[in-house]
S.K.: 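Attaching a single structure in structure tokens format; questions to follow.
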Number of protein chains: 2
Amino acid sequence: MTSERILSAAQKLFEEKGFDQTSVRDIATSANVNVALINYHFQSKENLLFTVLTNSMDTTRMKLSDINKLEESSDEKLKRVVALYVSKIFDNRHYYHFVQRELANSGRQEFRDALIKVINRNSLEFRQLLEDGQKSKEFRKDADLELAMATLFGILHQTTNEVLSKRYRRAGEKDDAFRKRVEHFAYNLLLQHLKK
Amino acid sequence: MTSERILSAAQKLFEEKGFDQTSVRDIATSANVNVALINYHFQSKENLLFTVLTNSMDTTRMKLSDINKLEESSDEKLKRVVALYVSKIFDNRHYYHFVQRELANSGRQEFRDALIKVINRNSLEFRQLLEDGQKSKEFRKDADLELAMATLFGILHQTTNEVLSKRYRRAGEKDDAFRKRVEHFAYNLLLQHLKK
DNA sequence: TTTAATTTTAAACAGTCGTTTAATTTTATC
DNA sequence: GATAAAATTAAACGACTGTTTAAAATTAAA
């Protein structure tokens, strides 16, 4: 299908160069398609971006919801959530940082708001898990749930950023080892805070 | 001075809209100056960006270096470094996130490399402090210094981001209270990890 | 096979971009 | 006050931007 070729070419180029630095002619060339077809199928370049962004955002929330429903200790659930986010963000780091970039570019407010809603629904699932842990007295009552979440996302943001991550890698450390180190570190750090 | 007016107008607009979405005519209008003067004084728009970025980057490293030279426990020094970064990033959050954005936009490699060098020199000062703490046996020998740094920068990145920070704020919490909460949380979290 | 709807094409649209030019004004040097 | 240097101006440059048009080609329906 033409529109699918356009979509995947657009996603690839947006991730590499950002929205502004990718022209519709770039996309058309990369998708082997006439320029006018982009507007024919997607009305505008902005709407193409919106389609790319919303195309993949909902699967994560379903996985989080599944974890919440498990009959396990909050420890175990937290371990699963950390692993979920680590693999999700490490596997799609270009896509993840592209989303961050476009969210930060304050223009395009219309769908920025739409995206924020989706993201917020996801973090509510995470928060639910932490609150359940408090209710069952596995986690301290006065643990800072908000900043615990900020810590996880912050570490993952730093360690998957193409530029910044170089500061945190050890000499000769391979991708896989680095990833595992991050996962263990984040989990233990969170657990230490949540359990006193 | 004309060139100073251009510089501050450019910094303001870059922070608000990003590099790509700011035109040289925007800058000229905002600085109340003829368009051609931008190229006359700064040769190119890119070079103007470079000037804006490097104009402020070195003061932080000097402050870090000063802290390192103090005759205090590593605990105290760490507290100072956390406070330094908290105030630096919270006070200049727009500027900080603008730098992050431009660093992530993979084009402009020439001076991206130059900027990374400056940033890396800064984090070396931070690392020095942590290593000194290990040598004096205040910090555990097997503490993960790299990821401890990633944690601090990650938390600050998340909590100062205009969009993301809303997830971490508590209802009705004022800027100052939020900032203090972040500072205490980050310091205690790092200390807990570094001291076992 | 004819007709209608959909998709693709090449070309042009109007607008903006960063930059350059050449003339003019301002400032500094003597 | 004359001369040289520096700063500013209005106008234009060519290149590229996202989008539209109208004709041609393809596909689907009858």
Side-chain angles (χ1 to χ4, degrees), chain A residues 1-55 98 101-103 105-112 114-115, chain B residues 1-55 98-99 101-112 114-115:
Chain A
M1 274 284 276
T2 304
S3 58
E4 288 164 7
R5 294 230 307 287
I6 294 174
L7 267 176
S8 71
Q11 171 154 353
K12 182 168 159 285
L13 289 171
F14 286 163
E15 287 175 7
E16 287 173 8
K17 315 198 291 175
F19 179 76
D20 287 316
Q21 297 202 37
T22 302
S23 72
V24 288
R25 284 170 182 82
D26 286 343
I27 299 169
T29 305
S30 171
N32 225 333
V33 133
N34 188 287
V35 212
L37 288 179
I38 290 176
N39 291 84
Y40 176 76
H41 285 286
F42 296 95
Q43 295 85 52
S44 71
K45 186 193 174 191
E46 277 212 349
N47 192 56
L48 172 60
L49 170 63
F50 188 65
T51 311
V52 167
L53 287 176
T54 52
N55 240 6
F98 156 63
R101 249 182 295 151
E102 296 311 322
L103 270 176
N105 279 1
S106 43
R108 296 185 270 285
Q109 182 114 15
E110 333 101 33
F111 64 70
R112 205 182 74 155
L115 286 173
Chain B
M1 274 283 276
T2 303
S3 58
E4 287 165 8
R5 294 228 309 285
I6 294 174
L7 267 176
S8 72
Q11 170 153 353
K12 182 167 159 284
L13 290 171
F14 286 163
E15 287 175 9
E16 287 172 9
K17 316 199 291 175
F19 179 77
D20 287 316
Q21 297 201 36
T22 301
S23 72
V24 288
R25 285 171 182 80
D26 286 341
I27 300 170
T29 304
S30 170
N32 224 333
V33 135
N34 188 285
V35 214
L37 288 180
I38 291 176
N39 291 83
Y40 177 75
H41 285 285
F42 296 96
Q43 295 85 53
S44 71
K45 187 192 174 191
E46 278 212 351
N47 192 58
L48 173 60
L49 170 62
F50 187 65
T51 310
V52 167
L53 288 176
T54 51
N55 239 5
F98 155 64
V99 174
R101 250 182 294 150
E102 296 310 323
L103 270 177
N105 279 1
S106 42
R108 296 185 272 281
Q109 181 114 17
E110 332 100 33
F111 63 71
R112 205 182 75 154
L115 285 172

S.K.: Could you tell me how far apart Ile6(B) (CD1) and dA7(D) (P) are, to the nearest whole angstrom?
M.R.: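 Rounded to whole Å, this separation is 11 Å.
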
S.K.: What integer distance in Å separates Leu13(B):CG from dC17(C):P?
M.R.: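 So the two atoms are 12 Å apart, to the nearest Å.
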
S.K.: Nearest to the side chain of Arg25(B) - dT21(D), dT9(D), dC17(C)?
M.R.: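 Looking only at side-chain atoms, Arg25(B) lies closest to dC17(C).
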
S.K.: What nucleotide, of dT19(C), dT19(D), dT20(C), holds the atom closest to the side chain of Val24(A)?
M.R.: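 The nucleotide sitting nearest to the side chain is dT19(D).
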
S.K.: Starting at CG of Asp20(B) and ending at P of dG18(D), how long is that distance when rounded to a whole Å?
M.R.: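 After rounding, the gap between these two atoms is 12 Å.
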
S.K.: To the nearest Å, how far apart are Leu49(B) CG and dT19(C) P?
M.R.: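 Value for this atom pair: 12 Å.
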
S.K.: List the steps and the verdict of side chain to side chain contact (heavy atoms under 4.5 Å, CB included) for Phe98(B) and Leu49(B).
M.R.: CA-CA 11 Å; Phe98(B) 155 64; Leu49(B) 170 62; 3.4 Å; yes

S.K.: Would you say a side-chain N or O of Ser23(A) is under 4.0 Å from OP1 or OP2 of dC16(D)?
M.R.: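 Answer is no, no contact under 4.0 Å.
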
S.K.: Nearest whole angstrom, please: distance from the P of dT17(D) to the CD of Gln21(A).
M.R.: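 Rounded to the whole Å, the gap is 11 Å.
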
S.K.: I want to verify a distance call: between dT19(C), dA6(D), dT17(D), whose nearest atom is closest to the Tyr40(B) side chain?
M.R.: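 The answer is dA6(D).
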
S.K.: Would you say a side-chain N or O of His41(B) is under 4.0 Å from OP1 or OP2 of dA6(D)?
M.R.: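 No, outside the criterion.
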
S.K.: Look at Thr2(A) and dT8(C) and indicate whether a side-chain polar atom (N or O) is within less than 4.0 Å of OP1 or OP2.
M.R.: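 For Thr2(A), the contact criterion (side-chain N or O under 4.0 Å from OP1 or OP2 of dT8(C)) is met.
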
S.K.: As a quick check of understanding, evaluate side chain to side chain contact (heavy atoms under 4.5 Å, CB included) for Phe19(B) and Asp20(A), giving each step before the final call.
M.R.: CA-CA 10 Å; Phe19(B) 179 77; Asp20(A) 287 316; over 6 Å; no

S.K.: Decide side chain to side chain contact (heavy atoms under 4.5 Å, CB included) for Ile27(A) and Leu48(A); before the verdict, give the C-alpha distance in whole Å, the side-chain angles of both, and the deciding distance to 0.1 Å.
M.R.: CA-CA 11 Å; Ile27(A) 299 169; Leu48(A) 172 60; 3.9 Å; yes

S.K.: Within this structure, what is the CZ-CG distance for the pair Phe42(A) and Asn47(A), rounded to the nearest 0.5 Å?
M.R.: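 Reported value, rounded in 0.5 Å steps: 8.0 Å.
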
S.K.: Go through dT8(C), dT8(D), dT19(C) for me and flag the one nearest to the Leu37(A) side chain.
M.R.: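 Among dT8(C), dT8(D), dT19(C), the one nearest the side chain of Leu37(A) is dT8(C).
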
S.K.: Rounded to whole Å, how long is the line connecting atom CD1 of Ile27(B) with atom P of dT16(C)?
M.R.: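 Spelled out: CD1 on Ile27(B) to P on dT16(C) is 17 Å.
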
S.K.: Nearest 0.5 Å please: distance from the CG atom of Leu7(B) over to the OG1 atom of Thr2(B).
M.R.: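 If we round to the nearest 0.5 Å, Leu7(B):CG and Thr2(B):OG1 are 11.0 Å apart.
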
S.K.: For Ser3(A), answer base if it contacts any base atom (sugar-phosphate contacts may also be present), sugar-phosphate if it contacts only those atoms, and nothing otherwise; contact means non-hydrogen atoms under 4.0 Å.
M.R.: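 No contact at all - Ser3(A) keeps every heavy atom at 4.0 Å or more from the nucleic acid.
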
S.K.: Send over the distance from Gln43(B) CD to dG18(C) P, rounded to a whole Å.
M.R.: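 Gln43(B) atom CD is separated from dG18(C) atom P by 16 Å.
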
S.K.: Is any side-chain nitrogen or oxygen of Asn34(A) closer than 4.0 Å to OP1 or OP2 of dA10(C)?
M.R.: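 Yes, such a contact exists.
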
S.K.: Measure the distance from NZ on Lys45(A) to P on dT17(D) and round it to the nearest whole Å.
M.R.: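 Going from NZ in Lys45(A) over to P in dT17(D) covers 8 Å.
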
